[in-house]
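Quick caveat, the model's predicted, so the values are computed rather than measured. When a residue number appears, it is its place in the shown sequence, counting from 1.
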Amino acid sequence: MSETPPNTLQYRFDGPEDAPVLILGPSLGTTWHMWDRQVPELAQQWRVFRFDLPGHGGAPARPAGSVAELTARLLATLDGLGVQRFGYAGCALGGAVGLELALRHPERLASLALIAASPRFGTADEFRQRGVIVRTNGLDPIARTSPDRWFTGGFAAAQPAITEWAVQMVRTTDPGCYIASCEALAAFDVRSELGRVGVPTLVLVGSDDQVTGPAEARTLVAGIPDARLAVVPGASHLVPVEQPAAVTDLLVRHFDTAWQPAHDSTTGQTAVPAVAAAPVQPALAAVPPQAAPIAEIAPAVVPPQPQGRPDPYDAGLKVRREVLGDAHVDQALTGADEFSGDFQEFITRYAWGEVWDRPGLDRRTRSCVTLTALVAGGHLDELASHTRAALRNGLTPDEIKEVLLQTAVYCGVPAANSAFRVAQQVIREETTPQE
């Protein structure tokens, strides 16, 4: 195991030090122990590297709010260990990291397995709603329902010890890091890029997975050139836990036959100068780059600079969706006609692209200001949607209550009374866990 410096991940190695490196990436809410039953066989021929997500499994609680940031931390960890090329198998959020590696860092990847994965995980609204639940109620409601999402009913009933292990694994995760991971999944969407995945890919899914099931797996296979599909019967979302032997066999066969060696290495690891200790204590020496030959080049051509400011519409639409949710924005845009369409374009471009996207205030503060202004103006029809937005922007119900109490002083008790009724209903809807 490792001591974890900033901007890296908690990790462990198993298997021969001179073997090719095979990385196993975890799902949201799990730890590297979800792979315990695969490691004994995989470690016979690979140097198995497992990592924990931030705040999971006792890892330092340094939230990472995007799949790209998680991937960067993984690569920083591997760089510190001298690991340049590797195979990668990831489950769910770990699979998203695998797709990010294949798309942005294909030179590092020898082979890829995507387990219970998807090019887009549900909808952004679903994961931001989950973040609201956790921020308000803690992780206990998510922990208690995790076995229903992760395992088939028969397995959960027959394996109470594993079911309880799953509950405790989620319950002991850092809430802020869990919420950040939800934000990462909310923003993840590589559907249009699957055709650029150029490494040998196995897509593996449980037949009874209700989270990212066979339909999502087939989307991956249809989009990734030469990808292969394996459906494991009698398994749900955490298929490596529920059907360990089948998953292990599929991974061994895939990485045995579909491993692309690096041009300059057959080990999956580069030499680490001046390191006498085990790889969990890296001490890389700086090596000056070799001088490249000087080539005669033509004078640089300076491209013409665009005139004026960029159109803020696209940025505004992105912010509007992140704050109000896809469902709300889709309803507004779909309902626009020749009469109201210009207005929808106007508020997207200027309210959201010009004002909400300014760096001077964070979104929590902007939500406080917006709630106050809506109460002052008596705009209760807009207050409900912006109460939902405030929850997604990180305000707690208690903080929203304080904002409305403040409005009672400066905007009037009758206005605040009406606002409390609207906000109370929204908070009840948004923060009640779904059993």
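Side-chain atoms of Arg421 and Gln424 include no donor-acceptor pair closer than 3.5 Å. A donor-acceptor contact closer than 3.5 angstrom is absent between the side chains of Asp148 and Thr145. Of the N and O atoms on the side chains of Ser111 and His254, at least one donor lies less than 3.5 Å from an acceptor on the other residue.
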Acceptor/donor pairs from residues 406-413 side chains to any protein atom, 3.5 angstrom cut, sequence neighbours excluded:
residue	atom	partner	partner atom	Å
Thr407	OG1	Leu404	O	2.5

Would you mind writing out the side-chain donor-acceptor pairs for residues 197-205 within the sub-3.5 Å range, not counting sequence neighbours?
residue	atom	partner	partner atom	Å
Thr201	OG1	Val199	O	2.8

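Relative ring orientation between Phe255 and Trp46 is described as perpendicular, the plane-to-plane angle rising above 60° on a 0-90° scale split at 30° and 60°.
Other residues, nucleotides and ligands contribute only 12 or fewer heavy atoms inside 6.0 Å of the CD atom of Gln331.
A search for side-chain hydrogen bond (donor to acceptor under 3.5 Å, both in side chains) contacts involving Thr152 returns Glu242, not counting sequence neighbours. Annotation: salt bridge (charged side-chain N to carboxylate O under 4.0 Å, His left out) contacts of Glu345 (sequence neighbours excluded): Arg349. Partners of Ala64 according to the side-chain contact (heavy atoms from CB on, under 4.5 Å) rule, which considers only residues two or more places apart in sequence or in another chain, are Pro54, Glu69, Leu70, Arg73. Shown here are the side-chain hydrogen bond (donor to acceptor under 3.5 Å, both in side chains) partners of Gln129, two or more places apart in sequence or in another chain: there are none. Under the ring pair (Phe, Tyr, Trp, His ring centres under 6.0 Å) criterion, Phe49 pairs with Tyr11, Phe13, sequence neighbours left out. Every side-chain hydrogen bond (donor to acceptor under 3.5 Å, both in side chains) that Lys318 has, sequence neighbours left out, goes to Glu322.
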### Task
For Asp79 and Arg108, run salt bridge (charged side-chain N to carboxylate O under 4.0 Å, His left out): C-alpha distance rounded to whole Å, both residues' side-chain angles, the deciding distance at 0.1 Å, then the answer.
CA-CA 11 Å; Asp79 289 344; Arg108 306 292 294 268; 2.8 Å; yes

#### Entry: Stepwise side-chain hydrogen bond (donor to acceptor under 3.5 Å, both in side chains) test for Arg149 and Ser146
CA-CA 5 Å; Arg149 295 189 298 273; Ser146 289; 3.0 Å; yes

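Counting only residues at least two apart or on different chains, the salt bridge (Lys or Arg N to Asp or Glu O under 4.0 Å) pairs with a member in residues 162-187 are Arg128-Glu183, Asp140-Arg171. Every pair passing salt bridge (Lys or Arg N to Asp or Glu O under 4.0 Å) that includes a residue from residues 325-337 is listed here, sequence neighbours excluded: Arg120-Asp326, Arg321-Asp326, Arg321-Asp330. Residue pairs meeting the salt bridge (Lys or Arg N to Asp or Glu O under 4.0 Å) criterion with at least one member in residues 26-43, sequence neighbours excluded, are Asp36-Arg50. Each salt bridge (Lys or Arg N to Asp or Glu O under 4.0 Å) pair with one or both residues in residues 378-390, not counting sequence neighbours, appears once here: Arg388-Glu429, Arg388-Glu430.
Atoms CG and CD1, from Leu74 and Ile23 in turn, are 5.0 Å apart once rounded to the nearest 0.5 Å. For the atom pair CZ (Arg253) and CG (Leu250), the distance works out to 5.5 Å, reported to the nearest 0.5 Å.
In this structure, the side chains of Ser367 and His386 stay at 4.5 Å or more apart for every pair of heavy atoms. In this structure the side chain of Leu194 reaches within 4.5 angstrom of the side chain of Leu99, judged on heavy atoms. Put simply, the side chain of Arg47 does not reach to within 4.5 Å of the side chain of Pro20, judged on heavy atoms. The side-chain heavy atoms of Leu53 and Thr31, taken from C-beta on, include no pair separated by under 4.5 Å.
Ion pairing between a basic and an acidic side chain is recognised when a charged N comes within 4.0 Å of a carboxylate O; Arg191 and Asp189 show such pairing. For Arg12 and Asp52, the salt-bridge test fails: no basic side-chain N is under 4.0 Å from an acidic carboxylate O.
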